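Okay, so here's the structure we're looking at.
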Amino acid sequence: MLANTLAFVDRQALALLVEPIKQDLKISDTAISLLYGLSFTLFYVAVGLPVARIADRSSRRNIIAGSIFVWSICTSLCGVARSFGGLFLARVGVGAGEGGLTPAAYSLLADYFPKKKLAAAMGVYQMGLYIGGASALVIGGLISSIIPPSSIVTVLVLGSLKGWEVVFLLLGLPGIILSLLCFTIREPARQGAGAAQASVSLGEFFGHVGTRWRSYVGIALGFALMILCGNGTTVWIPAFFARAFGWSTAEVGQYYGPVVFVCGTSGALAGGFFASWLRRRGYADANLRAALIGFSILVPLSVGFPLMPTAGLALTMIALMNFFAGFNFGGGLAALQELTPNRMRALVSAMYMLTINLIGAALGPMAIALCTDYVFADPQRLPQAISLVCAIASPLSVLVLWTGLRDYRQRMTEIGGGGVETAL
């Protein structure tokens, strides 16, 4: 969870600093979306799946430790980039490191916790997303109140840096320490189906996925569309408050940061424990049932918050949106692990991460940016751009997840995952 927290500190820092980066590098909203989204997906396309194959065969703990070290160094390198190209390459490095964490972490957690507790454990892990996002906003806002993002600071050896570059430089340091602490984690014995195998062939892997494709597609594509909305809004909410209500970077950190922390973390915990509670009640589809509830509630919240007439109303809806976005992850991630034999878990997780990054992380920020730059041709129309993208993607996420639910329920019943067959 601490590793996941740091990953999202380093990722969300860019969203807080959109306006000063745009001003200094003289780039468009679309270019910002490439820094946030495409730079991360490049790693998954090129390296993510091979690293996951290694995680299914060797120490997941060591992969996690190495991943943290790589992305932390690259976060600090963002602070010494002097151009869009340099910053883009540094962000690719951040994505390269973060891409190694999640597949290994999902697989490791599935061996630490029994099925009845796995959704709750995944909820705790996903708290890092919101703790990290909130920490980036709060810490970045505090630093910005002391060192304004556009001010000039002289740093020993490095020379003159802008205030926003100092933020990146400092945020990379804690991860180096955490990467060393990760070696205190015990690598658990592999449990469940396929645990005794040294490895599985790609033929076996694709055969397994092929017989359960409805469940896998429903989970991966449904969450990808939800994350398209979530990631898109996460990137642009600080700029939304700045453009629509005139908030400064420090004010965004002061007011928006605590909302992400309180509502996101409580939602992740509540959703994970709710899914585990449904499982104890005997629902075969408990994990996806819980996620579908959260998906449905997100539709009006994500479409409506940008259109609110006051910052207070918008922030209230964003608070609820963060709660129900976090609510979905524990059950959804547990469902993915339940469907998958042990020696395939990291690879399945990597394919899931590839899907949500290509569709959610890359297209979410870009879709909103393309709307402001080309559909509305006005950066001040950012609220309408956010609402338009969410009005399309959020209902689709509900529909896609629902289509995978029946097959998932059937699979869980077959393997003894539960007994209540009530339909949605």
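If you read the sequence from its start, that first residue is 1, and numbering goes on from there. All figures in this text were calculated on a predicted structure; none of them were measured in a lab. No hydrogens, no waters, no symmetry mates; every other heavy atom, side chains included, goes into these values.
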Worksheet entry | Atom pair CG/CG of Leu399 and Leu225 - distance to nearest 0.5 Å | 9.5 Å
Item to complete: For residues Leu336 and Met122, determine if any side-chain heavy atom of one lies less than 4.5 Å from a side-chain heavy atom of the other.
Response: no
Worksheet, complete the sentence: So CG of Leu2 and CD1 of Ile131: to nearest 0.5 Å the spacing works out to 8.0 Å
Discussion item. If you compare all heavy atoms of Ser58 against all heavy atoms of Ile63, which two are closest, and at what distance to 0.1 Å?
Written reply: OG-CD1, 4.5 Å
Item to complete: Take the angle between the ring planes of Phe274 and Phe327 and call it parallel below 30°, perpendicular above 60°, tilted in between.
Response: tilted
Discussion item. I'd like to know if the side chain of Thr372 reaches the main chain of Asp378, judged simply by a donor and an acceptor atom lying under 3.5 Å from each other, with no hydrogens or angles considered.
Written reply: no
Worksheet item: What heavy-atom pair brings Ala290 and Asn328 nearest, and what distance separates the two atoms?
Response: O-OD1, 4.4 Å
Worksheet item: Looking at the rings of Tyr255 and Phe241, which for Trp means the six-membered one, are their centres under 6.0 Å apart?
Response: no
Worksheet item: Roughly how far apart are Leu307 CG and Ser387 OG, rounded to 0.5 Å?
Response: 4.0 Å
Discussion item. Evaluate Tyr112 against Arg186 for side chain to side chain contact (heavy atoms under 4.5 Å, CB included), listing each step before the verdict.
Written reply: CA-CA 10 Å; Tyr112 262 120; Arg186 179 179 59 84; 3.5 Å; yes
Practice prompt. Give the intermediate values and the outcome of side chain to side chain contact (heavy atoms under 4.5 Å, CB included) for residues Tyr130 and Leu269.
Written response: CA-CA 11 Å; Tyr130 298 98; Leu269 273 178; over 6 Å; no
Worksheet item: Between Leu370 and Val375, is a side chain to side chain contact (heavy atoms under 4.5 Å, CB included) present by the stated rule, with each step listed?
Response: CA-CA 7 Å; Leu370 289 173; Val375 176; 6.0 Å; no
Practice prompt. Evaluate side chain to side chain donor-acceptor pair (under 3.5 Å) for Arg411 paired with Ser215, printing each intermediate quantity in order.
Written response: CA-CA 9 Å; Arg411 301 298 173 183; Ser215 294; 5.3 Å; no
Worksheet item: For the residue pair Pro365 and Gly360, what are the closest heavy atoms and their distance?
Response: CD-O, 3.7 Å
Item to complete: Would you check if the side chain of Glu187 reaches a backbone N or O of Ser59 as a donor-acceptor pair within less than 3.5 Å?
Response: no
Response to the item:
Note: Cys78 and Trp164 closest approach over all heavy atoms is O-CZ3, 4.3 Å
Worksheet entry | Phe168 side chain reached by Leu77 side chain, heavy atoms, under 4.5 Å | no
Worksheet item: Looking at side-chain heavy atoms only, is the closest gap between Asp285 and Met412 below 4.5 Å?
Response: no
Discussion item. Measuring only between side-chain heavy atoms, which start at C-beta, is Leu301 closer than 4.5 Å to Phe305?
Written reply: no
Fill in: Ser107 side chain vs Pro103 backbone, donor-acceptor pair below 3.5 Å
no
Worksheet item: Under the side chain to side chain contact (heavy atoms under 4.5 Å, CB included) criterion, do Leu87 and Ile21 qualify, and how do the steps go?
Response: CA-CA 10 Å; Leu87 187 55; Ile21 291 173; 4.2 Å; yes
Fill in: Side chains of Leu401 and Leu405 in contact at under 4.5 Å (non-hydrogen atoms)
no
Practice prompt. Starting at CG of Asn231, measure out to CD1 of Ile359 and round the result to the nearest 0.5 Å.
Written response: 12.5 Å
Discussion item. Taking atom CZ as the centre, does Phe273 end up with more than 12 heavy-atom neighbours from other residues, nucleotides or ligands that are less than 6.0 angstrom away?
Written reply: no
Worksheet entry | Met308 versus Ala314, closest heavy-atom pair with distance | CB-N, 3.7 Å
Worksheet entry | Any Glu165 side-chain heavy atom under 4.5 Å of Leu169 side chain | no
Worksheet item: When you measure from the side chain of Ser276 to the backbone N and O of Ala120, does any donor-acceptor pair fall under 3.5 Å?
Response: yes
Practice prompt. Just do the side chain to side chain donor-acceptor pair (under 3.5 Å) check on Tyr216 and Thr340 with the steps written out, would you?
Written response: CA-CA 10 Å; Tyr216 282 118; Thr340 310; 2.8 Å; yes
Response to the item:
Taken to the nearest 0.5 Å, the spacing of Arg243 CZ from Arg381 CZ works out to 13.0 Å
Worksheet item: Is it true that Asp29 and Lys22 have a side-chain N and a carboxylate O under 4.0 angstrom from each other?
Response: yes
Worksheet item: For Cys263, does its backbone N or O pair with a side-chain atom of Asn322 as donor and acceptor, under 3.5 Å?
Response: no
Item to complete: Look at the side chain of Asp373 and the backbone N and O of Thr30, then say whether any donor-acceptor pair between them is shorter than 3.5 Å.
Response: yes
Fill in: Inter-residue atom distance Gln410.CD - Arg214.CZ, 0.5 Å rounding
9.0 Å
Fill in: Phe376 CZ: over 12 foreign heavy atoms closer than 6.0 Å
yes
Worksheet item: Angle class for the Phe295/Phe223 ring planes (parallel below 30°, perpendicular above 60°, tilted otherwise)?
Response: perpendicular
Discussion item. Please check this pair: side chain of Ser72 against backbone of Ile68, looking for a donor-acceptor N/O pair closer than 3.5 Å.
Written reply: yes
Worksheet, complete the sentence: On a heavy-atom basis, the closest approach of Gly332 and Leu288 is CA-CD2, 4.3 Å
Worksheet item: Quick one: does Trp71's side chain get under 4.5 Å of Leu6's, heavy atoms only?
Response: yes
Worksheet entry | Side-chain (Arg60) to main-chain (Tyr106) donor-acceptor, under 3.5 angstrom | no
Response to the item:
Exactly one candidate in Ile368, Ile356, Thr233, Val389 meets side chain to side chain contact (heavy atoms under 4.5 Å, CB included) with Leu228; the answer is Val389
Worksheet item: Can you find a pair of side-chain heavy atoms, one from Phe205 and one from Val348, that are under 4.5 Å apart?
Response: yes
